[in-house]
There are 2 protein chains.
Amino acid sequence: MDKTKKLTIKDIATKANVSTATVSRYLNGQLNQMSEKTAAKLKKIIKETAYIRNSAAVQLAKQKSNLIAVIASNIDEYFSSEYFKGIVSILSAQGYIGVLFDSNSDKIIESALLESVYNQNFAGLILQPLSTDRRLIEKFSNNHIPVVLIDRDIGNGEISAVTTNNFQVTKFAMTSFLDKGFKKVTIITEPVNDISTRVERVAGARSVFDHVQLIEVDTDHLDLAELSDKIDIKNSKNLLFVLKERLLIQLIANTDLLNETTSQQRLTGFVDTNIPKYLAPKYKFIQQSPYLMGATAAEILMAQFLEQQTTDIKQIVIPSHFE
Amino acid sequence: MDKTKKLTIKDIATKANVSTATVSRYLNGQLNQMSEKTAAKLKKIIKETAYIRNSAAVQLAKQKSNLIAVIASNIDEYFSSEYFKGIVSILSAQGYIGVLFDSNSDKIIESALLESVYNQNFAGLILQPLSTDRRLIEKFSNNHIPVVLIDRDIGNGEISAVTTNNFQVTKFAMTSFLDKGFKKVTIITEPVNDISTRVERVAGARSVFDHVQLIEVDTDHLDLAELSDKIDIKNSKNLLFVLKERLLIQLIANTDLLNETTSQQRLTGFVDTNIPKYLAPKYKFIQQSPYLMGATAAEILMAQFLEQQTTDIKQIVIPSHFE
DNA sequence: TTGTAAGCGTTATCAA
DNA sequence: TTGATAACGCTTACAA
């Protein structure tokens with residue numbers, strides 16, 4: 001039971017009285033290139049001995065790896081695990097395996113990860129970017145390693161990307177509130193910096209409301225008292241628009257907005273789970289489709305493998321819904 | 001800029017006018033085995049050419065992979081991403097990379113993943129088990145691939161495992177409620193089956209309360225009305241003990257327990273995030289330490305690599321806290 | 001301090 | 001339908 005020596009293709013060949021070439025052919029499914037008898041014999045022996053190939057040797061000989069790196073900006077977000085699931089669902093069907101890395105919302109870590117991933121000879125990269133610096137990413141493209149961005153874009157359309165319709169869906173949601181009589185919107189978000197999702201959402205709100213207040217906070221060190229001071233909470237025509245689910249939940253839990261006598265919704269935002277719906281069943285939020293975004297990104301990546309060329313850039317938008 | 005040919009160690013050797021062995025030594029940090037001059041020259045050339053080694057070839061030559069598989073029972077749980085972070089923090093410091101897989105709460109998927117991971121020649125496995133079937137896992141041990149279980153144990157102490165003190169912490173928490181006058185506890189959980197964490201938590205409650213009611217539900221299809229019917233909600237001496245955070249949040253959001261006139265806490269459970277604390281700041285919950293559990297599991301795995309032997313089994317308990 | 005060369009386990013070309 | 005064998009890119013005795 002406890003074989004101390006690892007079996008190789010040579011051992012199998014010997015046992016079966018064939019050459020290693022034949023075993024290799026069997027392993028690669030070229031069954032039409034051998035007699036049924038040989039195939040049956042190999043099948044039996046391989047099963048009995050529980051032989052498994054050495055994937056490093058396969059990679060070396062075939063000159064290709066089956067590892068795809070996925071770098072999330074922060075895996076604490078439910079959004080990340082969900083799109084990762086989508087990615088894996090596509091990759092594994094094609095024999096590739098997805099490896100998840102976490103930038104932990106830190107550009108320095110992101111750089112280090114990109115560097116390290118690059119050095120590890122991954123076959124491809126799916127990146128939810130933090131930095132807008134394209135230089136590190138170009139290193140991949142220059143070496144014919146396909147890259148697909150997810151969630152956020154960084155500019156010039158030179159890299160394939162799967163994003164959502166941040167501007168439009170925000171505009172749509174904001175318009176519905178404008179129609180209900182709201183006069184002003186207060187956006188609560190982590191620092192916008194130049195992160196495309198946030199920039200577009202703010203722009204979406206500005207395209208509807210003349211009066212937009214922007215409050216940037218740190219989710220992990222949220223000072224609710226300080227925040228309340230900044231918000232014109234008395235004004236029932238002031239909508240609160242929260243760009244991050246975790247922040248939204250904190251606000252739902254800590255304000256009286258839900259229990260107001262006026263039954264009108266005064267709080268909305270982008271959500272990834274159904275927790276906000278548990279807390280406020282009648283409210284409408286902007287719901288994204290991370291799983292689908294992940295699957296789409298993986299499909300684009302797979303396509304780039306087939307087409308040899310890294311030159312076929314695709315920009316796909318997976319719509320979010322206000323409901 | 002766009003090298004069409006991949007550089008090899010040979011190219012570097014040629015450029016530097018040394019042998020491939022010397023380049024290899026440089027790459028492996030054996031700087032004391034060469035002149036400073038040679039080292040400097042190589043450093044320069046490698047930097048200029050942006051050479052990277054072929055990791056498949058390294059693995060083949062060194063006869064070891066640097067990939068560790070991590071199989072989570074369900075990556076939707078915040079618990080998983082947190083312990084995965086802990087694992088990665090230890091692994092990457094040692095040059096290993098962690099690969100996350102998701103059983104998606106499905107034993108069939110888990111089997112398939114174990115099989116597939118086994119076939120991919122991973123160097124080690126960290127598993128949050130769903131099934132208690134040890135046969136698939138023994139395949140790894142028999143091939144000298146170290147395995148460490150996390151969160152849940154499956155029995156006979158033959159496999160290293162990092163768990164938490166489910167029984168004790170539950171007993172401690174239940175006792176504090178007993179002392180406050182509660183007479184009965186209703187446990188709400190996903191089906192207990194033979195999942196060790198759940199079994200131990202139920203046992204912990206039974207060790208304190210004579211009257212224990214067990215309600216098994218499906219988080220994704222929770223019928224609140226049906227659930228309410230089963231609970232003796234009128235009885236203010238009936239404690240609700242929820243074993244899963246997502247369930248707990250749903251209950252907090254959908255019952256009036258929080259807003260009762262009696263200011264006594266009647267609801268508690270196991271939590272992984274601080275969301276429940278947002279919702280009920282004065283309540284005490286049982287808080288686990290997934291990050292630490294992950295890091296510990298990874299450390300045990302690393303230790304097993306060094307000790308050659310897979311025989312040194314460790315069982316570590318990372319305590320949870322009621323606070 | 002450096003070089004030579006024999007592996008590592010597979011694949012794939014060419015010949016039989 | 002099969003087999004021999006040269007790659008694949010790197011590591012590591014062993015020699016020098």
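Excluded from the calculations below are hydrogen atoms, water molecules and symmetry mates; all remaining heavy atoms, backbone and side chain alike, are included. Reminder, nothing fancy here: chain letters follow the sequence lines and each chain counts from 1.
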Considering only heavy atoms from C-beta outward, does the side chain of B/Gln59 approach that of B/Asn121 to under 4.5 Å?
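With C-beta onward as the side chain, the pair stays apart.
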Identify whether any heavy atom of [X] sits under 4.0 Å from a base atom; if not, whether one sits that close to sugar-phosphate; answer base, sugar-phosphate or nothing.
X: B/Asp11; result: nothing
X: B/Asn32; result: sugar-phosphate
X: A/Asn121; result: nothing
X: A/Val23; result: nothing

Whole angstroms only, please: what is the [atom1]-[atom2] distance between [X] and [N]?
X: A/Asn28; N: D/dT2; atom1: CG; atom2: P; result: 16 Å
X: A/Ile12; N: D/dT2; atom1: CD1; atom2: C1'; result: 18 Å
X: A/Tyr26; N: C/dT11; atom1: OH; atom2: P; result: 14 Å
X: B/Lys37; N: C/dT1; atom1: NZ; atom2: C1'; result: 13 Å
X: B/Asn119; N: C/dG9; atom1: CG; atom2: P; result: 17 Å
X: B/Gln33; N: D/dT12; atom1: CD; atom2: C1'; result: 10 Å
X: B/Leu27; N: D/dT11; atom1: CG; atom2: C1'; result: 11 Å
X: A/Lys6; N: C/dC8; atom1: NZ; atom2: C1'; result: 13 Å

Regarding [X] and [Y], do their side chains bring together a donor and an acceptor under 3.5 Å, going by distance alone?
X: B/Gln128; Y: B/Ser73; value: yes
X: B/Asn193; Y: B/Lys107; value: no
X: B/Asp153; Y: B/Ser196; value: no
X: B/Lys6; Y: B/Asn54; value: no

Can you tell me how the ring of B/Phe140 sits relative to the ring of B/Tyr118, calling it parallel under 30°, perpendicular over 60° and tilted otherwise?
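Judged by the thresholds at 30° and 60°, the geometry between B/Phe140 and B/Tyr118 is perpendicular.
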[X] side chain: which of [options] is closest?
X: B/Thr20; options: D/dT2, C/dG3, D/dT11; value: D/dT11
X: A/Ile9; options: D/dA4, C/dT2, C/dT11; value: C/dT11
X: A/Met34; options: C/dT2, C/dT10, D/dT1; value: D/dT1

[X] vs [N]: side-chain N/O to OP1/OP2 distance below 4.0 Å:
X: A/Thr22; N: D/dG3; result: yes
X: A/Thr8; N: C/dG9; result: no
X: B/Ser35; N: C/dT1; result: no

Can you list, in residue-number order, the parts of residues 51-68 of chain A that come under 4.0 Å of DNA chain D, counting heavy atoms only?
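Heavy-atom contacts with DNA chain D come from A/Leu60, A/Ala61, A/Gln63.
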On DNA chain C, nearest-nucleotide positions of A/Lys10 versus B/Glu36: which is more 5'?
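On the 5' side of the pair lies B/Glu36.
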Once you round to the nearest 0.5 Å, how far does CG of A/Leu127 lie from CG of A/Asp151?
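Here the rounded value is 10.5 Å.
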Given 3.5 Å as the limit, does a donor-acceptor pair link the side chain of A/Asp102 with the main chain of A/Ile75, or not?
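Checked: pair present.
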